[in-house]
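All chains are named by letter (A, B, ...) in the order of the sequence lines, taking the proteins before the strands, and each is independently numbered beginning at 1. Values below: all heavy atoms of this structure, side chains included; hydrogens, waters and symmetry mates excluded.
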Amino acid sequence: MCGRATIIDPEGVEQIAVEFHKKFLPDDWKRPRYNIRPTEELPVLRVVDDALELTLLRWGLIPSWAKEPALKFPTFNARGDTLAEKPTYRGPFKNRRCLVLVDGFYEWPKKPSKDRRPRHIRFRDRRCFALAGLWDRWVDRATGIAVESCTIVTTDANELLASVPHDRMPVILDDAARRIWLDQTSDPARLASLLVPHSADDMEMLIANAEFVNHAIDDPRCVEPIG
DNA sequence: CCAGACGTTGTT
DNA sequence: GTCTGG
DNA sequence: CCAGACGTTGTT
DNA sequence: GTCTGG
(Lines give C-alpha, C1' and ligand atoms only; values in the text may rest on other atoms or scores of the structure.)
Protein backbone atom coordinates (compact mmCIF):
# COMPACT_ATOMS: atom_id res chain seq x y z
CA MET A 1 0.00 0.00 0.00
CA CYS A 2 1.02 3.55 -0.19
CA GLY A 3 -0.84 6.04 1.96
CA ARG A 4 1.65 8.88 2.42
CA ALA A 5 4.33 10.33 0.16
CA THR A 6 7.17 12.83 0.11
CA ILE A 7 8.63 15.26 -2.38
CA ILE A 8 11.61 16.47 -0.43
CA ASP A 9 13.36 17.79 -3.53
CA PRO A 10 10.82 19.35 -5.91
CA GLU A 11 13.57 19.87 -8.51
CA GLY A 12 13.59 16.12 -9.01
CA VAL A 13 10.00 16.28 -10.18
CA GLU A 14 10.93 18.85 -12.77
CA GLN A 15 13.90 16.79 -13.91
CA ILE A 16 11.67 13.84 -14.75
CA ALA A 17 9.33 16.21 -16.53
CA VAL A 18 12.23 17.52 -18.57
CA GLU A 19 13.09 13.97 -19.63
CA PHE A 20 9.65 14.00 -21.19
CA HIS A 21 10.34 17.44 -22.67
CA LYS A 22 8.00 19.18 -20.29
CA LYS A 23 8.43 21.32 -17.26
CA PHE A 24 6.23 23.08 -14.81
CA LEU A 25 5.59 23.33 -11.10
CA PRO A 26 3.63 26.22 -9.74
CA ASP A 27 5.73 28.35 -7.44
CA ASP A 28 3.80 27.20 -4.41
CA TRP A 29 4.93 23.66 -5.17
CA LYS A 30 8.66 24.38 -4.98
CA ARG A 31 8.81 23.83 -1.26
CA PRO A 32 9.73 20.40 0.08
CA ARG A 33 6.86 18.14 1.10
CA TYR A 34 7.40 15.63 3.88
CA ASN A 35 3.89 14.38 4.45
CA ILE A 36 1.53 14.33 1.47
CA ARG A 37 -1.74 12.58 2.30
CA PRO A 38 -4.75 11.30 0.39
CA THR A 39 -7.10 14.16 -0.61
CA GLU A 40 -4.09 16.41 -1.14
CA GLU A 41 -2.56 17.02 -4.56
CA LEU A 42 0.24 15.02 -6.16
CA PRO A 43 2.22 15.98 -9.27
CA VAL A 44 1.49 13.71 -12.23
CA LEU A 45 2.56 13.38 -15.85
CA ARG A 46 -0.25 12.44 -18.21
CA VAL A 47 -1.26 12.58 -21.85
CA VAL A 48 -4.28 14.74 -22.66
CA ASP A 49 -5.32 15.26 -26.30
CA ASP A 50 -2.03 13.73 -27.44
CA ALA A 51 -0.07 16.27 -25.43
CA LEU A 52 2.01 15.39 -22.40
CA GLU A 53 1.34 17.56 -19.40
CA LEU A 54 2.56 17.85 -15.87
CA THR A 55 -0.18 18.80 -13.45
CA LEU A 56 -1.44 18.42 -9.91
CA LEU A 57 -4.26 15.98 -9.16
CA ARG A 58 -6.18 15.17 -6.00
CA TRP A 59 -4.94 11.91 -4.47
CA GLY A 60 -7.96 9.60 -4.21
CA LEU A 61 -9.68 8.79 -7.48
CA ILE A 62 -13.27 10.00 -7.83
CA PRO A 63 -14.94 7.99 -10.62
CA SER A 64 -16.65 10.04 -13.31
CA TRP A 65 -19.96 8.33 -12.46
CA ALA A 66 -19.86 9.04 -8.73
CA LYS A 67 -22.88 10.91 -7.40
CA GLU A 68 -20.89 12.51 -4.65
CA PRO A 69 -17.15 13.18 -4.40
CA ALA A 70 -17.09 11.65 -0.90
CA LEU A 71 -16.93 7.92 -1.62
CA LYS A 72 -17.78 5.10 0.74
CA PHE A 73 -14.70 3.15 -0.25
CA PRO A 74 -11.01 4.05 -0.45
CA THR A 75 -9.48 4.79 -3.86
CA PHE A 76 -6.05 6.16 -3.06
CA ASN A 77 -4.58 2.80 -4.13
CA ALA A 78 -5.62 0.40 -6.88
CA ARG A 79 -4.51 -3.23 -7.02
CA GLY A 80 -2.50 -3.77 -10.18
CA ASP A 81 -3.81 -7.27 -10.75
CA THR A 82 -7.46 -6.19 -11.02
CA LEU A 83 -7.29 -2.84 -12.81
CA ALA A 84 -9.04 -4.18 -15.91
CA GLU A 85 -11.95 -5.61 -13.92
CA LYS A 86 -12.85 -3.05 -11.30
CA PRO A 87 -15.57 -0.62 -12.41
CA THR A 88 -13.76 2.23 -10.72
CA TYR A 89 -10.48 1.62 -12.51
CA ARG A 90 -11.05 -0.16 -15.83
CA GLY A 91 -11.90 3.04 -17.71
CA PRO A 92 -8.92 4.91 -16.30
CA PHE A 93 -6.69 1.85 -16.92
CA LYS A 94 -7.66 1.88 -20.57
CA ASN A 95 -7.58 5.59 -21.27
CA ARG A 96 -6.25 7.60 -18.36
CA ARG A 97 -2.93 6.30 -17.13
CA CYS A 98 -0.45 8.66 -15.53
CA LEU A 99 2.84 8.81 -13.68
CA VAL A 100 2.78 10.02 -10.08
CA LEU A 101 6.08 11.71 -9.22
CA VAL A 102 7.47 11.44 -5.68
CA ASP A 103 10.83 10.87 -4.01
CA GLY A 104 9.66 8.70 -1.15
CA PHE A 105 6.68 7.11 0.52
CA TYR A 106 5.71 5.81 3.95
CA GLU A 107 4.49 2.38 4.97
CA TRP A 108 3.40 1.21 8.41
CA PRO A 109 4.07 -2.22 9.93
CA LYS A 110 1.06 -4.42 9.40
CA LYS A 111 -1.04 -5.25 12.40
CA PRO A 112 -0.85 -6.76 14.93
CA SER A 113 2.72 -5.47 15.12
CA LYS A 114 3.10 -3.25 18.17
CA ASP A 115 5.66 -1.18 16.33
CA ARG A 116 3.51 1.56 14.77
CA ARG A 117 6.39 3.67 13.52
CA PRO A 118 6.13 4.51 9.82
CA ARG A 119 9.00 3.65 7.50
CA HIS A 120 10.20 6.08 4.86
CA ILE A 121 11.17 4.26 1.66
CA ARG A 122 13.26 5.94 -1.03
CA PHE A 123 16.18 5.43 -3.39
CA ARG A 124 19.68 5.57 -1.93
CA ASP A 125 20.54 8.49 -4.20
CA ARG A 126 17.26 10.20 -3.14
CA ARG A 127 16.16 10.57 -6.75
CA CYS A 128 12.62 11.33 -7.75
CA PHE A 129 10.79 8.35 -9.22
CA ALA A 130 7.57 7.56 -11.07
CA LEU A 131 4.68 5.50 -9.71
CA ALA A 132 2.10 3.89 -11.95
CA GLY A 133 -1.09 5.92 -11.59
CA LEU A 134 -4.58 6.34 -13.00
CA TRP A 135 -6.73 9.45 -13.11
CA ASP A 136 -10.31 10.45 -13.77
CA ARG A 137 -12.47 13.56 -14.01
CA TRP A 138 -15.60 14.04 -11.94
CA VAL A 139 -17.99 16.92 -12.62
CA ASP A 140 -20.31 18.35 -10.00
CA ARG A 141 -23.70 18.40 -11.73
CA ALA A 142 -24.90 21.27 -9.59
CA THR A 143 -22.03 23.66 -10.19
CA GLY A 144 -20.32 22.27 -13.29
CA ILE A 145 -17.04 22.31 -11.39
CA ALA A 146 -14.67 19.51 -12.42
CA VAL A 147 -12.42 17.64 -10.00
CA GLU A 148 -9.55 15.64 -11.45
CA SER A 149 -8.09 12.99 -9.22
CA CYS A 150 -5.66 10.09 -9.25
CA THR A 151 -4.76 6.79 -7.62
CA ILE A 152 -1.50 4.90 -7.11
CA VAL A 153 -1.27 1.32 -8.42
CA THR A 154 0.02 -1.28 -5.95
CA THR A 155 1.71 -4.67 -6.26
CA ASP A 156 3.36 -7.21 -3.95
CA ALA A 157 5.99 -5.99 -1.51
CA ASN A 158 9.65 -6.48 -2.39
CA GLU A 159 11.95 -7.92 0.28
CA LEU A 160 12.67 -4.50 1.75
CA LEU A 161 8.99 -3.81 2.39
CA ALA A 162 8.35 -7.40 3.41
CA SER A 163 10.87 -6.90 6.22
CA VAL A 164 8.75 -4.14 7.79
CA PRO A 165 6.61 -6.34 7.70
CA HIS A 166 4.27 -5.14 4.96
CA ASP A 167 2.58 -6.99 2.09
CA ARG A 168 2.12 -4.30 -0.57
CA MET A 169 4.02 -1.48 -2.26
CA PRO A 170 3.41 1.03 -5.04
CA VAL A 171 4.44 0.12 -8.60
CA ILE A 172 7.66 1.98 -9.41
CA LEU A 173 8.30 2.43 -13.14
CA ASP A 174 11.79 2.87 -14.58
CA ASP A 175 12.50 4.83 -17.75
CA ALA A 176 11.32 2.39 -20.42
CA ALA A 177 8.28 1.37 -18.40
CA ARG A 178 7.24 5.00 -17.97
CA ARG A 179 6.93 5.45 -21.71
CA ILE A 180 4.99 2.24 -22.15
CA TRP A 181 2.62 3.17 -19.31
CA LEU A 182 1.89 6.58 -20.85
CA ASP A 183 1.63 5.23 -24.42
CA GLN A 184 -2.06 5.25 -25.35
CA THR A 185 -1.48 2.34 -27.73
CA SER A 186 0.08 -0.10 -25.25
CA ASP A 187 -1.94 -3.29 -24.97
CA PRO A 188 -3.25 -4.51 -21.60
CA ALA A 189 -0.93 -7.51 -21.42
CA ARG A 190 2.11 -5.34 -21.90
CA LEU A 191 0.86 -2.88 -19.31
CA ALA A 192 0.19 -5.69 -16.86
CA SER A 193 3.78 -6.90 -17.25
CA LEU A 194 4.96 -3.59 -15.76
CA LEU A 195 2.99 -3.94 -12.53
CA VAL A 196 5.60 -5.84 -10.53
CA PRO A 197 7.64 -5.05 -7.39
CA HIS A 198 10.71 -2.91 -7.99
CA SER A 199 14.06 -4.37 -7.01
CA ALA A 200 15.11 -3.39 -3.49
CA ASP A 201 18.78 -3.24 -4.50
CA ASP A 202 19.11 0.53 -4.75
CA MET A 203 16.39 1.43 -2.26
CA GLU A 204 16.66 2.26 1.42
CA MET A 205 14.33 2.59 4.35
CA LEU A 206 14.46 4.53 7.58
CA ILE A 207 12.28 4.56 10.64
CA ALA A 208 10.33 7.79 10.45
CA ASN A 209 8.94 9.85 13.28
CA ALA A 210 5.40 8.72 14.06
CA GLU A 211 4.67 11.77 16.16
CA PHE A 212 4.99 13.99 13.11
CA VAL A 213 4.01 11.69 10.25
CA ASN A 214 0.85 10.42 11.97
CA HIS A 215 -0.28 13.89 12.90
CA ALA A 216 0.15 15.24 9.40
CA ILE A 217 2.95 17.59 10.31
CA ASP A 218 4.58 18.42 7.00
CA ASP A 219 8.16 19.30 7.84
CA PRO A 220 11.65 17.76 8.06
CA ARG A 221 11.01 16.31 11.49
CA CYS A 222 9.09 13.50 9.78
CA VAL A 223 12.32 11.97 8.49
CA GLU A 224 14.83 13.22 11.03
CA PRO A 225 16.60 10.63 13.18
CA ILE A 226 14.58 9.84 16.28
CA GLY A 227 16.24 10.82 19.51
C1' DC B 1 -36.37 -5.52 -16.28
C1' DC B 2 -34.57 -2.37 -12.20
C1' DA B 3 -31.57 -1.71 -8.09
C1' DG B 4 -27.40 -1.43 -6.26
C1' DA B 5 -22.56 -1.58 -6.23
C1' DC B 6 -18.55 0.31 -7.74
C1' DG B 7 -12.38 -0.59 -2.69
C1' DT B 8 -7.83 -1.36 -0.16
C1' DT B 9 -4.93 -3.29 3.39
C1' DG B 10 -4.60 -6.38 6.70
C1' DT B 11 -6.80 -9.62 9.65
C1' DT B 12 -9.34 -13.73 10.48
C1' DG C 1 -20.78 4.32 -17.00
C1' DT C 2 -21.17 -0.64 -16.55
C1' DC C 3 -21.68 -4.84 -14.33
C1' DT C 4 -23.97 -8.11 -11.05
C1' DG C 5 -27.76 -9.86 -8.56
C1' DG C 6 -32.46 -10.52 -7.84
C1' DC D 1 -2.34 6.39 5.60
C1' DC D 2 -4.04 8.37 10.41
C1' DA D 3 -7.03 11.46 13.23
C1' DG D 4 -11.24 12.75 14.66
C1' DA D 5 -16.05 12.68 14.81
C1' DC D 6 -19.91 10.25 15.89
C1' DG D 7 -26.17 15.43 16.77
C1' DT D 8 -30.47 18.51 16.45
C1' DT D 9 -33.32 22.60 15.86
C1' DG D 10 -33.27 26.95 14.84
C1' DT D 11 -30.77 31.13 14.57
C1' DT D 12 -27.10 34.21 12.70
C1' DG E 1 -17.13 0.25 15.47
C1' DT E 2 -17.29 2.97 11.32
C1' DC E 3 -17.19 6.79 8.50
C1' DT E 4 -15.29 11.33 6.91
C1' DG E 5 -11.75 14.54 6.12
C1' DG E 6 -7.10 15.88 5.27
Check the phosphate of [N] against [X], side-chain N and O only, distance under 4.0 Å to OP1 or OP2. Yes or no?
| X | N | answer |
| --- | --- | --- |
| A:Arg116 | D:dC2 | yes |
| A:His166 | B:dT9 | no |
| A:Trp65 | C:dT2 | no |
| A:Arg79 | B:dT9 | yes |
| A:Thr75 | B:dT8 | no |

Measure from NZ or CZ of A:Arg178 to the centre of the six-membered ring of A:Phe129, then state whether that distance is under 6.0 Å and the direction lies within 45° of the axis.
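Output no; distance or angle outside limits.
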A:His198 vs A:Phe123 aromatic rings, parallel, tilted or perpendicular, using cut-offs 30° and 60°?
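Plane angle over 60°, so perpendicular.
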Rounding to the closest angstrom, what is the interatomic distance between D:dC1 and B:dG7 at atom C1'?
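Here D:dC1 and B:dG7 have their C1' atoms 15 Å from each other.
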Kindly point out which of B:dC6, B:dT8, E:dG6 is positioned nearest to the side chain of A:Arg37?
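The listed nucleotide nearest to A:Arg37's side chain is E:dG6.
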Determine whether the aromatic ring of A:Phe73 stacks with the base of B:dG7, defined as ring centroids separated by less than 5.5 Å and ring planes inclined by less than 30°.
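One would not call A:Phe73 stacked on the B:dG7 base.
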Could you identify the nucleotide paired to B:dG4, looking across every strand shown and requiring Watson-Crick or G-U wobble geometry with both distances under 3.5 Å?
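When the pairing criteria are applied, C:dC3 turns out to be the nucleotide that pairs with B:dG4.
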Taking side chain as C-beta onward, heavy atoms only, is A:Lys114 less than 4.5 Å from A:Arg116?
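The answer is no; the side chains never approach within 4.5 Å.
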